[in-house]
Number of protein chains: 2
Amino acid sequence: MDIGGRLRAVRESRGMSQRDLAGRAGLTSSAISLIEQNKSSPSVASLKRLLDAIPMNLSEFFSVVEQDVVPKYFYAPDEYIELSPQDAGMGDGAARVSLRQLGDASRHALQVLHESYPPGADTGPELLSHDGEEAGIVVSGVIEVTVADQVRVLNPGDGYLFNSQLPHRFRNIGDVPCVVISACTPPTF
Amino acid sequence: MDIGGRLRAVRESRGMSQRDLAGRAGLTSSAISLIEQNKSSPSVASLKRLLDAIPMNLSEFFSVVEQDVVPKYFYAPDEYIELSPQDAGMGDGAARVSLRQLGDASRHALQVLHESYPPGADTGPELLSHDGEEAGIVVSGVIEVTVADQVRVLNPGDGYLFNSQLPHRFRNIGDVPCVVISACTPPTF
DNA sequence: TCGTTGCGTTCAGTATATTTGACGACCGGC
DNA sequence: GCCGGTCGTCAAATATACTGAACGCAACGA
């Protein structure tokens with residue numbers, strides 16, 4: 001939790017001096033100096049004023065991600081990571097569901113999956129996970145989705161978007177596999 | 001910036017009392033009471049101790065989105081919001097690109113798009129945006145993607161995943177439209 | 001060699017966050 | 001009614017963040 005180092009990096013990347021930033025944020029350069037040396041821990045109110053002056057929001061500020069040494073941006077189908085429905089918190093009825101994940105989610109803020117549900121597949125009520133959000137679009141086939149107390153049958157082109165904390169369930173009620181491309185943030189498994 | 005209300009909501013969703021949380025976080029319940037009433041603005045150090053005890057990380061804490069009164073989870077194709085390539089920071093070569101967005105991204109942490117690039121479409125080098133990440137999977141057609149100094153041609157099933165701060169560009173170099181389902185976090189336009 | 005300008009840091013004093021200890025309100029059991 | 005327990009809040013004391021005025025340093029030009 002190197003708040004000071006992070007603040008200094010952000011400030012310098014904007015080409016501001018401590019006094020510049022102090023002026024815009026309505027603080028003093030002394031305070032910024034102490035914060036950047038981790039000699040004081042700013043109140044949220046003060047940190048927000050600093051970030052407003054940069055500008056950057058608090059959520060961004062705290063979600064620093066390391067960059068790969070040789071960054072990898074592209075993935076062929078056979079490079080996807082196969083996830084087990086179990087790890088994803090799905091029930092026994094989802095044993096044959098294919099979950100293929102783009103890249104290494106543990107190193108990213110965004111998790112994208114290529115999901116294929118065979119006919120009859122049923123995730124069962126999934127365990128609650130993080131505070132993140134989940135969304136997806138149906139590419140082919142038909143799937144019944146339950147979120148909290150709502151049930152809907154989604155056709156190709158339809159989508160869903162909800163808070164991951166809500167109980168949710170996917171069932172392929174058709175007779176052909178259903179392919180869905182989905183995204184979560186932050187990664188939940 | 002209702003830090004207090006947010007903290008109270010999170011604490012109560014975990015079924016903790018102020019004293020419970022105080023015990024686990026090494027603070028006192030009085031401090032929590034004042035913070036929840038927005039009568040004091042916690043230092044980042046204190047807030048982190050509180051969130052560690054919940055547990056939740058700072059980034060998640062600050063990326064709060066309002067929940068609809070009657071929450072909407074499902075979207076038909078005609079309910080998608082049509083975005084203009086201009087607003088997305090794309091160049092003139094992308095005028096005919098179709099960008100259809102799931103839900104109202106300004107109220108969510110996750111933005112999912114159904115994108116269709118006609119033959120010859122070219123976004124040009126896109127403007128840098130937030131600190132978030134961008135990812136997607138090609139559904140049909142062929143597209144050339146440039147990220148920083150890397151160029152790749154992606155076929156159906158291929159995907160991409162990179163930090164939104166990197167310069168990036170999409171070009172449909174085939175002779176049929178290319179459909180991509182993409183996700184960003186946090187929403188950038 | 002100066003004086004000036006701009007940088008980050010330090011220090012004593014002030015404002016504010018946090019603790020300690022107490023209060024009233026509520027609830028279930030007797 | 002009257003407990004014992006738990007809840008959130010409040011008031012005074014203490015710890016800590018922040019201010020305002022210094023300091024030392026390096027770069028630049030007269």
Side-chain angles (χ1 to χ4, degrees), chain A residues 1-64 66-67 128 131 163 165, chain B residues 1-67 69 131 165:
Chain A
M1 283 299 306
D2 180 14
I3 299 281
R6 170 77 171 139
L7 178 61
R8 174 159 292 174
V10 172
R11 174 179 61 79
E12 291 180 344
S13 77
R14 299 298 195 278
M16 292 191 217
S17 70
Q18 290 181 343
R19 283 181 170 83
D20 282 342
L21 180 56
R24 300 192 202 196
L27 293 200
T28 58
S29 64
S30 336
I32 295 175
S33 177
L34 295 174
I35 292 166
E36 288 188 350
Q37 299 170 84
N38 288 316
K39 288 183 178 170
S40 85
S41 175
S43 70
V44 171
S46 300
L47 182 59
K48 169 138 180 56
R49 288 204 286 172
L50 290 170
L51 295 183
D52 282 346
I54 282 184
M56 169 174 288
N57 63 43
L58 287 157
S59 162
E60 287 178 73
F61 182 83
F62 286 112
S63 67
V64 184
E66 294 299 327
Q67 197 64 255
L128 309 185
D131 254 345
N163 188 304
Q165 284 189 317
Chain B
M1 282 298 306
D2 179 14
I3 300 282
R6 170 73 172 146
L7 178 61
R8 173 159 294 173
V10 171
R11 173 178 62 77
E12 291 180 344
S13 78
R14 299 299 197 277
M16 292 191 217
S17 70
Q18 290 181 344
R19 284 179 169 83
D20 281 343
L21 179 55
R24 300 192 202 194
L27 294 199
T28 59
S29 62
S30 329
I32 296 175
S33 176
L34 294 174
I35 292 167
E36 288 188 348
Q37 298 170 83
N38 288 316
K39 288 184 178 170
S40 85
S41 174
S43 70
V44 171
S46 300
L47 182 59
K48 170 142 179 55
R49 288 204 286 170
L50 290 170
L51 295 183
D52 283 347
I54 283 184
M56 170 175 290
N57 63 43
L58 287 158
S59 162
E60 287 178 71
F61 182 83
F62 285 111
S63 64
V64 182
V65 248
E66 292 298 328
Q67 197 61 256
V69 182
D131 255 344
Q165 283 190 317

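Labels below follow one simple rule: chain letters A, B, ... track the order of the sequence lines, proteins then strands, and each chain is numbered from 1. Any value given below was found using the heavy atoms of this structure, including those in side chains, with hydrogens, waters and symmetry copies removed. None of the values given here were measured: they were computed from a predicted structure.
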Compare side-chain N and O positions of [X] against OP1 and OP2 of [N] and report whether any pair is under 4.0 Å apart.
X: Ser41(B); N: dT16(C); value: no
X: Lys39(A); N: dA17(D); value: no
X: Arg11(B); N: dG8(D); value: yes

Which is true for [X] with a 4.0 Å heavy-atom rule: it touches a base, it touches only sugar-phosphate, or it touches nothing?
X: Gln37(A); answer: sugar-phosphate
X: Ser43(B); answer: sugar-phosphate
X: Ser17(B); answer: sugar-phosphate
X: Thr28(A); answer: base

To the nearest angstrom, how far is [X] atom [atom1] from [N] atom [atom2]?
X: Met16(A); N: dG8(C); atom1: CE; atom2: P; answer: 12 Å
X: Asp20(A); N: dT5(C); atom1: CG; atom2: P; answer: 17 Å
X: Ile35(A); N: dT19(D); atom1: CD1; atom2: P; answer: 8 Å
X: Lys48(B); N: dA17(C); atom1: NZ; atom2: P; answer: 21 Å
X: Ile32(A); N: dA17(D); atom1: CD1; atom2: C1'; answer: 13 Å
X: Leu47(B); N: dT18(C); atom1: CG; atom2: C1'; answer: 14 Å
X: Glu12(A); N: dG8(C); atom1: CD; atom2: C1'; answer: 10 Å
X: Leu21(A); N: dG8(C); atom1: CG; atom2: P; answer: 10 Å

Would you indicate which nucleotide in [options] comes nearest to any side-chain atom of [X]?
X: Leu34(B); options: dA17(D), dT19(C), dA17(C); result: dT19(C)
X: Gln18(B); options: dG8(D), dT19(C), dC7(C); result: dG8(D)
X: Arg8(A); options: dT19(C), dT19(D), dT9(C); result: dT9(C)
X: Leu27(B); options: dT19(C), dT9(D), dT10(C); result: dT19(C)
X: Ser30(A); options: dC18(D), dA21(D), dT20(C); result: dA21(D)
X: Ser40(A); options: dG8(D), dA17(D), dG8(C); result: dA17(D)
X: Ser29(A); options: dG8(D), dT9(C), dT18(C); result: dT9(C)
X: Arg19(B); options: dA21(D), dC7(D), dT19(C); result: dC7(D)

>> With a 4.5 Å cut-off on side-chain heavy atoms, are Arg8(B) and Gln18(B) touching?
In response: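 Touching, per the 4.5 Å side-chain cut-off.
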> Do Val10(A) and Leu21(A) come within less than 4.5 Å of each other through their side chains, counting heavy atoms only?
Replying inline: no
>> Run the salt bridge (Lys or Arg N to Asp or Glu O under 4.0 Å) test on Lys48(A) and Asp52(A) for me, step by step, so that the C-alpha distance in whole Å, both residues' side-chain angles and the decisive distance to 0.1 Å come before the verdict.
In response: CA-CA 6 Å; Lys48(A) 169 138 180 56; Asp52(A) 282 346; 2.9 Å; yes
> What pair of heavy atoms forms the shortest contact from Asp20(B) to Gly15(B), and how long is it?
Replying inline: OD2-O, 4.3 Å
> So, for Ser41(A) and Ala45(B), which heavy atoms are closest and what is the spacing to 0.1 Å?
Replying inline: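 Closest heavy-atom pair between Ser41(A) and Ala45(B): OG-N, 2.8 Å.
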>> Please determine whether side chain to side chain contact (heavy atoms under 4.5 Å, CB included) holds for the pair Phe61(B) and Leu47(B), giving the CA-CA distance in whole Å, both sets of side-chain angles, and the decisive distance to 0.1 Å.
In response: CA-CA 10 Å; Phe61(B) 182 83; Leu47(B) 182 59; 4.2 Å; yes
